[in-house]
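Here's the structure, in structure tokens; my notes come after.
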Amino acid sequence: MLMRKKWLTKLLQGGVLLILIVTAIINISFIMDTHKKNKVNKERRVTDREKPADSVQAEKLSKEISLSVTSSKSLVFVTVNGAVVYQDDDFDVNRGIHLLVLNQATGGLMAKQVFDTYSAGEDQSMLNFVDRISQNRILIFSIKDEGAFQLSPKARSALRNMGSLTVEQLRFRDMWIFICFKGGQVISERHSKADRIGEWGNRISVDEVIKLVPLQDSKCPWYTSDLKRQQFCEKIEGYGKVCDCQHPTPITFSPPELEVDNLKNVAITVIASNRPQYLYRMLAKLLSTAGVHPQMITVFIDGDFEEPLAVTRLLGLMGIQHTPLGKKNARVSQHYKASLTATFDLHPEAQYTIVIEEDLDVSPDFFNYFSQTLHLMEQDESLYCISAWNDQGYSHSCQDPKLLYRVETMPGLGWLLKRKLFKEELEKQWPSPDKQWDWDMWMRLPTMRKKRECVIPDISRTYHFGSKGLNMNPYFQELYFKKHSIVNESNVVLKDLDRMVTDKYEVMINDILKSAEVVDHSKNPCNGTLIPKNKDKTYVLFIQMQNPTDFTTWKQLAKCYHLWDLDVRGFHKSMWRLFLNGTPVMLVGVPASPYHTHKPENVVPFFLEEPKQKPPPK
């Protein structure tokens with residue numbers, strides 16, 4: 001029994017030992033295997049780090065994409081590899097041709113634009129945008145609702161040259177999809193005709209698998225040497241030579257300094273929304289204008305829009321995105337207020353800011369103009385602002401780049417604002433987000449203006465080019481802004497600066513009227529021969545104005561002289577100054593204007609009635 005117990009004990013001990021040995025072997029094997037895997041992974045990570053970043057990215061990119069595009073009366077819909085990259089199904093908006101641009105190496109969406117080619121001029125805007133797109137990008141054209149009514153022969157020819165086979169047959173309310181590489185092969189095209197008046201073409205879709213080009217083949221020579229340009233151009237399209245491979249346009253500027261610069265501590269407030277193409281055009285001109293101080297510029301973007309911010313950073317400027325407040329006009333108004341508040345907070349030393357919108361070109365004389373006029377705001381408490389814009393400054397109604405006026409209306413469109421005015425008056429009373437008020441109309445109210453005036457130039461120092469916006473469309477731009485003049489010279493020396501303060505200005509106006517030639521008031525004031533051509537002498541017209549708000553005759557004259565006639569602007573004490581037929585003219589309201597005393601007794605003021613509206617048909 002004793003021997004059996006000893007044998008069993010040894011057997012058990014041997015079994016335990018065997019288990020321990022096996023466990024040790026397994027653990028050692030696991031440790032060695034783990035070490036080996038870690039070593040391999042480490043080597044792999046080192047290898048990846050040694051590779052160029054874009055090379056690693058290229059290995060991960062697909063060699064092709066699946067593209068789906070839909071065109072219909074109420075929808076444009078685009079997916080890439082099953083993911084929605086674009087969808088527009090909003091009711092009764094964004095009619096026309098929707099144009100998307102994809103990266104030919106990654107399939108990523110780089111640009112999207114809508115052109116209302118039911119309206120005149122939009123087809124040319126589309127061609128201009130296509131011209132600014134780099135070669136070989138993937139272009140997707142798709143119609144929502146209607147896109148052919150104002151598609152001109154020139155636009156159709158350009159699309160035909162890009163490879164379209166059906167654009168010549170495109171008619172009213174047809175649906176259409178056209179996909180191609182810019183400057184290269186056609187990928188797909190489909191057309192659905194509207195068979196009857198009052199109907200639309202059937203909804204159509206295109207599904208294609210597109211072979212992508214190697215990433216390396218899409219790079220420009222500057223890809224590794226110009227990081228800002230690289231980061232912009234690999235994601236965003238439509239900026240012309242900014243992304244040109246051979247001759248890229250500069251994104252840094254070295255304009256000359258002003259001989260006399262009074263603007264070193266003046267902030268620049270750029271008001272922007274989601275119109276990045278406009279913003280780029282405006283900023284590029286602003287930064288190339290003599291006297292600019294880029295460190296004083298801040299671009300304020302109304303919303304979380306990435307492309308305007310990317311444009312701002314591309315040009316080396318500070319950009320701030322605002323969370324929108326209010327809707328429509330109230331939203332715009334709140335954006336202005338927030339931008340002005342932030343401007344003076346960011347620049348505590350600045351006693352002034354120049355406010356400029358994203359859809360304005362600036363004159364080569366822009367900063368020179370403000371540098372010369374800034375001191376007037378210090379000297380004269382009766383001044384409300386200094387503006388670069390003349391509401392009546394059309395190509396046929398202005399002439400002298402040296403000439404200044406005082407006006408009772410606030411023109412905006414590039415204007416100088418005093419910190420004291422904003423902080424002590426405007427900021428505290430600014431309309432709340434629930435008020436659907438235009439900020440500029442509010443600033444023109446008598447209760448805000450308090451009889452103060454603005455100084456303006458005869459020829460504007462800004463030009464309004466934007467045809468799209470909350471209160472803007474191509475027709476409105478064509479009718480009221482396209483024919484405005486802008487000074488194209490630099491270093492213009494303004495005249496009569498010392499006479500722009502209120503008392504001296506009154507003396508000057510009276511002196512001009514004393515020597516002015518009175519026109520023949522027996523003629524029709526809309527007669528084109530009433531004012532002689534190209535005279536240095538000032539001519540004066542007296543018009544009937546029973547009181548300062550009686551604009552009946554002025555409104556009719558504004559129409560026949562092709563001036564701003566939507567509301568009444570650009571006057572000083574019921575008197576307007578402008579040029580007609582190249583001759584300086586003054587129009588004086590009688591008896592509303594204090595200058596009516598210059599009217600000869602035998603002169604009967606011009607009076608024009610408003611045309612009677614025709615009764616509606618029964």
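All residue numbers in this chain count up from 1 along the given sequence. Because only heavy atoms are used, hydrogens play no part in the values below, and waters and symmetry mates are left out as well, while side chains stay in.
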May I have the step-by-step check of side chain to side chain contact (heavy atoms under 4.5 Å, CB included) for W439 and V332, ending in yes or no? CA-CA 8 Å; W439 67 272; V332 174; 4.3 Å; yes
Would you please test D302 and R275 for salt bridge (Lys or Arg N to Asp or Glu O under 4.0 Å) and show each step? CA-CA 10 Å; D302 185 22; R275 298 183 290 179; over 6 Å; no
Would S134 and E237 count as a side-chain hydrogen bond (donor to acceptor under 3.5 Å, both in side chains) here? Give the steps. CA-CA 7 Å; S134 303; E237 254 299 349; 2.6 Å; yes
Verify side chain to side chain contact (heavy atoms under 4.5 Å, CB included) between M586 and I509, making sure each step is shown before the conclusion. CA-CA 10 Å; M586 302 174 82; I509 294 299; 3.9 Å; yes
Set out, in order, the CA-CA distance, both residues' side-chain angles and the distance that settles side-chain hydrogen bond (donor to acceptor under 3.5 Å, both in side chains) for T583 and N581, then state yes or no. CA-CA 5 Å; T583 297; N581 291 336; over 6 Å; no
For a side chain to side chain contact (heavy atoms under 4.5 Å, CB included) check, start with the C-alpha distance between V266 and F370, then their side-chain angles and the critical distance, and finish with the verdict. CA-CA 10 Å; V266 173; F370 282 112; over 6 Å; no
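Side-chain contact between W442 and L426: present, with at least one pair of heavy atoms (C-beta onward) separated by less than 4.5 Å. No side-chain heavy atom of Q334 sits less than 4.5 Å from a side-chain heavy atom of P324. At a threshold of 4.5 Å between non-hydrogen side-chain atoms, the residues T373 and P457 do not count as touching. Counting heavy atoms from C-beta on, the side chains of I543 and V588 never come closer than 4.5 Å. Looking at heavy atoms from C-beta onward, P308 lies out of side-chain contact with V299 at the 4.5 angstrom threshold. Inter-residue side-chain proximity for H396 and H562 is flagged as met; some heavy-atom pair is nearer than 4.5 Å. Contact check for Y595 versus N510: side-chain heavy atoms found under the 4.5 Å cut-off. Contact check for L563 versus Y394: side-chain heavy atoms found under the 4.5 Å cut-off.
A side-chain donor-acceptor contact under 3.5 Å links T341 and E427. Defined by atom type and a distance below 3.5 Å, a donor-acceptor pair is present between the side-chain atoms of D391 and W389. Using a 3.5 Å distance cut-off with no hydrogens or angles, the side chains of S522 and D520 do pair a donor with an acceptor. No side-chain donor-acceptor contact under 3.5 Å links Y561 and Q556. Counted by atom type alone, Q295 and H347 present zero donor-acceptor pairs between their side chains at under 3.5 Å. Judged purely by distance below 3.5 Å, without hydrogens or angles, the side chains of N368 and D365 pair a donor atom with an acceptor atom. A donor and an acceptor atom, one from each side chain of D359 and H464, are located under 3.5 Å apart. Using modelled atom types and a 3.5 Å distance limit, the side chains of Y352 and N265 yield no donor-acceptor pair. Between the side chains of E357 and Y336, a donor-acceptor pair is found at a separation under 3.5 Å. No side-chain N or O of N128 forms a donor-acceptor pair with one of S125 less than 3.5 Å apart. Donor-acceptor pairing under 3.5 Å is lacking for the side chains of D345 and T343. In the model, E610 has no side-chain atom that pairs as donor or acceptor with a side-chain atom of T552 under 3.5 Å. The closest side-chain donor-acceptor pair between W430 and S333 falls under 3.5 angstrom.
Atom NZ of K423 has more than 12 neighbouring heavy atoms from other residues, nucleotides or ligands inside a 6.0 Å radius. Around the CE atom of M441, the shell of radius 6.0 Å holds no more than 12 heavy atoms that belong to other residues, nucleotides or ligands. Counting heavy atoms of neighbouring residues, nucleotides and ligands inside a 6.0 Å radius, atom NZ of K537 exceeds 12 of them. Summarising the local packing, CG of D536 is surrounded by 12 or fewer heavy atoms from other residues, nucleotides or ligands at distances under 6.0 Å. Residue M448 places its CE atom among more than 12 non-hydrogen atoms of other residues, nucleotides or ligands, all under 6.0 Å distant.
Side-chain N or O atoms of Q544 include none that pairs as donor or acceptor with a backbone N or O of G589 at under 3.5 Å. R313 places no side-chain N or O within donor-acceptor distance of the main-chain N or O of K228, the cut-off being under 3.5 Å. Checking side-chain atoms of E358 against main-chain N and O of L279 turns up no donor-acceptor pair under 3.5 Å.
Looking at K555 and D567, no side-chain N of the basic residue comes within less than 4.0 Å of a carboxylate O on the acidic one, giving no salt bridge. For the pair R419 and E349, the salt-bridge criterion is not met [side-chain N within less than 4.0 Å of a carboxylate O].
Using cut-offs of 30° and 60° for the angle between ring planes, the F115 and F129 rings count as tilted.
The disulfide (SG to SG under 2.5 Å) check on C385 picks up C454, with sequence neighbours excluded. Residues satisfying the ring pair (Phe, Tyr, Trp, His ring centres under 6.0 Å) test with F571, not counting sequence neighbours, are F551, W576. In terms of the side-chain contact (heavy atoms from CB on, under 4.5 Å) criterion, residue partners of K328 (sequence neighbours excluded) are, by chain and number, Q436, L470. In this view, D261 and L258, L263, K264, H293 satisfy the side-chain contact (heavy atoms from CB on, under 4.5 Å) rule, not counting sequence neighbours.
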Scan the side chains in residues 241-255 for donor-acceptor partners under 3.5 Å anywhere in the protein, sequence neighbours excluded, and list what turns up.
from : atom 1 : to   : atom 2 : distance (Å)
D244 : OD2    : Q246 : N      : 3.1
D244 : OD2    : H247 : N      : 2.6

Could you list the donor-acceptor pairs under 3.5 angstrom formed between side-chain atoms of residues 404-416 and any protein atom two or more places apart in sequence or on another chain?
from : atom 1 : to   : atom 2 : distance (Å)
Y405 : OH     : D458 : OD1    : 2.7
R406 : NE     : E453 : OE1    : 2.8
R406 : NH1    : D380 : OD2    : 2.9
R406 : NH1    : M500 : O      : 2.7
R406 : NH2    : S382 : OG     : 2.8
R406 : NH2    : E453 : OE1    : 3.2
E408 : OE2    : K573 : N      : 2.5
T409 : OG1    : G570 : N      : 3.0

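When all heavy atoms are compared, the tightest approach of H335 to I301 is CE1-C, 3.6 Å. Taking all atoms of both residues into account, the shortest heavy-atom contact from Q392 to R569 is NE2-O, 3.3 Å. Smallest separation of non-hydrogen atoms from H484 and G393: CD2-O, 3.3 Å. The two atoms that bring S371 and N262 nearest to each other are O-ND2, 2.8 Å, heavy atoms only. Nearest heavy-atom pair across Q372 and L494 is OE1-N, 3.0 Å. The two residues P276 and Y239 come nearest to each other via the heavy atoms CB-OH, 3.1 Å.
Test L340, V270, T269 against F300 for side chain to side chain contact (heavy atoms under 4.5 Å, CB included) and you get one pass: T269. None of K450, R449, K420 except one satisfies the salt bridge (charged side-chain N to carboxylate O under 4.0 Å, His left out) rule with E425; the exception is K450.
Annotation: F465 is in aromatic contact with Y278 [ring centroid separation under 6.0 Å].
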